[in-house]
Amino acid sequence: MKSLYLILFFLTAGSLVTYAQLQRSTTLPGAPGKGPIVVFPRGIKQSSGEVSYILSSDTAGNVNLVPLHANQRYDTATRPLPPRKPFLKVHGNVMYDYYYQSGVDTPYQQKNIYQHTLQTYLDITVKDQYLVRVGFSTTRGNSTLFRNITGLNMQYTNRDFKNLLWDKLQRWDVSHYTKIQDLQYEKLSLDAEALKLSQLRADIYGPAAIQRRVEAKERELYGKKSDLNLDTLPGMPSLPTLDLNLALKYKPLPKRPTDSTIEEKYAAKRKQLDSLQKRFNYLDSLYRVHQSQIGDVNGDLISKLMASRNNEELSATLKEMNLPDTVLPKGYKTLLAIRTIGIGRTLVDYSELTARDISIQGIQMEYNPSWYAAVATGVIDYRFRNYIVNSGAPKQYLSLFRAGYGMKEGNHVYFTYYRGKKQLYNLNTSTDSSQTPDYNIMGMALEGRWQLTKNIYLTGEVARSSLPYYQVTDDESKMESLLKFSDRRNEAWSMSANAFIPASKTKLTGTYKLLGASFQSFSLFTTGSKQIAWNARVDQPFFKQQLLITVAVRRNDYTSQYQQASYNSNTIFKTIQATLRIKHYPVVTVGYYPSSQLTKLSDGSLVENTFYTLVGTASHFYKVKQVMMNTILSYTRFYNKMTDTSFVYFNTKNILLNHTMFLGRFTVQGTGSAALNSDYNLYGADANVQYKVRSWLDIGGGVKYSHQTVYELRQVGYTANFRVNIPYFGQVEMMADKGFIPGAEKRLVSNNTGRITYTKIF
């Protein structure tokens with residue numbers, strides 16, 4: 001009896017599935033009174049991955065197999081309801097890092113240094129449409145050199161909004177698009193007309209129709225022959241002796257009533273065929289026009305999203321696409337026009353002569369629909385640039401307003417007014433508080449950008465500032481010195497050009513600046529002397545972009561808050577770099593760069609020395625007998641002198657060779673190095689093995705060997721690490737390293753480091 005029930009159950013289920021498949025061709029997706037949109041992939045199972053399928057019947061009795069996705073509610077009387085979207089979605093990570101050094105390898109000597117770092121960022125999405133990023137970080141340690149830094153930031157950028165829009169477009173079901181549904185209806189209607197046309201052609205020109213017409217002709221023809229007198233025909237035998245078959249052959253056939261109307265019916269069908277053919281041609285041409293207009297909605301929109309030069313173009317493109325609210329939220333034009341809103345630690349980066357790459361604790365906003373406005377105010381932290389210097393600089397602040405017309409990436413004219421407090425003098429010396437100078441400054445600038453051609457544009461800026469405190473007379477205010485246009489000492493201007501030559505794929509950039517001796521801004525650290533700064537750069541590919549050559553020269557383009565107020569230099573820095581990429585061959589890079597080193601003197605002042613560095617690398621990733629390998633060869637040469645700096649690697653040649661093999665769960669790595677100079681040679685070698693025990697557990701370790709030639713010193717060190725990923729808890733990594741570095745008196749000094757890192761992604 002149970003077997004009978006099972007057989008009946010499977011027969012019933014099979015009948016329902018078969019009926020649903022038959023209904024697929026007659027059910028119009030999304031049409032009123034019909035079933036929901038049904039997709040029948042091959043090999044349907046009751047559960048396939050993250051999609052389940054259920055049987056449902058609509059009001060017309062049609063049975064459909066409907067996919068039920070995760071987190072999706074379903075109304076069996078109508079259609080699947082969209083997944084419930086939470087009001088807030090929060091993603092991000094939390095990271096804690098503990099780092100220990102037994103000795104600091106810098107011109108500053110300190111021992112047993114440790115630092116604690118805690119940082120997190122949160123991506124908060126409101127209604128799956130609006131994204132805000134919150135970041136927090138704090139660093140604490142026992143060093144008098146390394147700063148204790150804490151920062152909190154909440155920021156919105158249109159870049160994050162574009163990325164969110166990109167992600168939604170990638171997941172967007174294009175069949176929900178109204179025009180696509182209309183196109184589907186047109187296609188179904190066109191297919192129905194094509195079926196009618198095919199059937200009518202078969203009725204007129206098909207083999208059966210041709211046979212019926214031949215038979216009618218034969219009946220008409222043979223009916224006329226039956227009126228003849230067979231006895232009078234010459235050569236015909238007499239009737240009594242006539243063979244029965246021959247008689248039957250010449251016996252007249254009876255006339256059917258429809259024979260006389262067949263031609264009329266076929267003429268009417270041909271007329272109907274002509275009319276139907278004209279209708280089909282019209283529907284087909286209309287469908288093709290609509291199809292070309294819509295095209296690939298997803299791909300077209302994404303390509304336009306990435307190709308739009310500015311937010312104004314992107315907003316116009318999105319408006320033309322008429323996307324639903326699920327993809328394009330209300331107020332998207334405003335969200336795209338808001339370039340950034342930042343609260344807390346944020347970066348101010350506006351123009352060459354006002355404020356560039358300045359870290360502030362405050363607020364900052366930039367808005368650019370077709371006109372432009374920006375506001376920033378907060379406490380300045382110049383140590384953001386040199387965070388390792390723990391100096392007690394006084395509080396400084398910045399307030400800036402910027403407005404104008406035009407898109408930032410296109411033609412525009414912007415006016416900027418800035419003011420604040422900035423200490424340019426006696427930065428590293430103490431002064432009597434009763435004689436503290438007036439460090440308040442103010443200034444204004446006018447910037448313009450001109451797009452000369454598609455690939456060439458110019459940017460120019462002129463600016464004026466108030467005079468320094470030591471040049472302002474007692475009867476003159478800061479504002480008066482700013483507006484005294486007859487005095488040219490506090491003026492500055494800059495011009496930059498960018499060009500691209502498509503024929504040769506050459507990229508050209510250049511900048512020229514003239515800074516008055518009394519000009520002050522938050523982009524300039526130095527004052528007291530007139531400065532002319534310029535730089536030029538050329539990027540040129542060769543051999544179908546396999547070889548890229550970069551050449552750059554600059555003069556007095558390097559400024560630092562540690563230089564003296566009267567700093568003026570005519571040094572011209574040269575840079576050249578070449579990168580060669582040929583398929584199946586190593587990637588080779590050679591570069592000659594200016595470098596610098598910061599040194600703290602005994603009196604507490606800081607000195608920055610510059611020298612050149614030659615760097616060459618060759619890297620190759622390849623396979624040998626199914627084993628993946630990677631080899632890196634590096635050469636570095638420091639062109640400095642012992643009298644210029646206390647850098648222990650002065651005038652040194654460094655060679656390093658690293659080889660890695662990927663052997664299943666094992667990763668084997670070996671490194672050899674040599675540091676060669678006029679005083680001694682230092683050779684090193686180390687080997688390391690990493691083993692992937694499980695997807696959630698890695699362990700590794702290795703040994704190090706160092707040999708110094710002056711005192712024939714030989715030292716052996718080690719390294720060990722592991723990583724474990726604990727479900728619902730996070731990932732923990734630990735590392736311990738014991739090595740040796742050059743120290744005073746040409747000795748090898750022990751250098752022990754350790755690190756513990758915890759990371760949780762949610």
Side-chain angles (χ1 to χ4, degrees), residues 99-113 145 388 588-600 607-619 630-660 668-690 700-721 735-755:
Y99 183 64
Y100 168 81
Q101 285 181 286
S102 62
V104 181
D105 184 21
T106 69
Y108 323 132
Q109 294 298 322
Q110 281 197 325
K111 296 183 179 297
N112 298 323
I113 301 301
L145 297 175
I388 66 168
V588 180
T589 301
V590 178
Y592 185 70
Y593 317 100
S595 303
S596 65
Q597 183 193 20
L598 187 66
T599 305
K600 187 174 183 180
V607 176
E608 204 156 18
N609 295 288
T610 59
F611 51 90
Y612 280 97
T613 303
L614 175 66
V615 179
T617 61
S619 175
N630 183 58
T631 302
I632 299 175
L633 177 63
S634 173
Y635 174 80
T636 306
R637 172 71 184 272
F638 299 103
Y639 292 94
N640 58 343
K641 300 178 182 179
M642 187 62 175
T643 56
D644 296 334
T645 175
S646 58
F647 191 37
V648 294
Y649 294 110
F650 72 93
N651 201 23
T652 300
K653 305 172 186 176
N654 292 276
I655 303 173
L656 182 143
L657 177 64
N658 177 274
H659 182 70
T660 306
V668 181
Q669 185 178 53
T671 304
S673 63
L676 314 174
N677 58 47
S678 58
D679 290 339
Y680 64 87
N681 296 334
L682 175 63
Y683 302 99
D686 65 80
N688 185 279
V689 177
Q690 293 289 128
V703 293
K704 294 181 170 185
Y705 174 77
S706 299
H707 176 208
Q708 202 253 43
T709 57
V710 175
Y711 296 102
E712 291 298 322
L713 300 175
R714 292 176 174 84
Q715 299 286 355
V716 177
Y718 62 84
T719 179
N721 64 86
M735 179 274 293
D737 185 290
K738 181 177 178 61
F740 296 88
I741 59 175
E745 299 179 356
K746 303 179 178 60
R747 298 285 184 173
L748 290 179
V749 180
S750 176
N751 181 44
N752 304 324
T753 60
R755 168 161 272 161

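Hydrogens, waters and symmetry mates play no part in the numbers below; they use all other heavy atoms, side chains included. This is a predicted model, so every value here is computed, not measured.
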Is there any salt bridge (Lys or Arg N to Asp or Glu O under 4.0 Å) pair reaching into residues 680-689, and which pairs are they, with sequence neighbours excluded?
none

Are the side chains of [Y] and [X] in contact, using a 4.5 Å heavy-atom criterion?
X: I113; Y: Y99; value: no
X: S619; Y: N630; value: yes
X: Y635; Y: V590; value: no

Could you give me the CA-CA distance, side-chain angles and deciding distance for T709 and Y683, then say whether side-chain contact (heavy atoms from CB on, under 4.5 Å) is met?
CA-CA 8 Å; T709 57; Y683 302 99; 3.7 Å; yes

Qualifying residues under ring pair (Phe, Tyr, Trp, His ring centres under 6.0 Å), relative to Y592, sequence neighbours excluded
Y612

side-chain hydrogen bond (donor to acceptor under 3.5 Å, both in side chains) with T589: which residues, sequence neighbours excluded?
none

By side-chain hydrogen bond (donor to acceptor under 3.5 Å, both in side chains) - contacts of T671 (at least two apart):
N658

So, using salt bridge (charged side-chain N to carboxylate O under 4.0 Å, His left out) as the criterion, who are the partners of K738 when residues are at least two apart?
none

Residues two or more places apart in sequence or in another chain: which of them pass salt bridge (charged side-chain N to carboxylate O under 4.0 Å, His left out) with R637?
none

Does the pair L748 and L682 meet the rule for a side-chain contact (heavy atoms from CB on, under 4.5 Å), with working shown?
CA-CA 9 Å; L748 290 179; L682 175 63; 3.8 Å; yes

Between H707 and E712, do the side chains contain a donor N or O and an acceptor N or O under 3.5 Å apart?
yes

Before you tell me yes or no, could you show the steps for N112 and Y100 under side-chain contact (heavy atoms from CB on, under 4.5 Å), namely the whole-Å CA-CA distance, both residues' side-chain angles and the distance that decides it to 0.1 Å?
CA-CA 7 Å; N112 298 323; Y100 168 81; 2.6 Å; yes

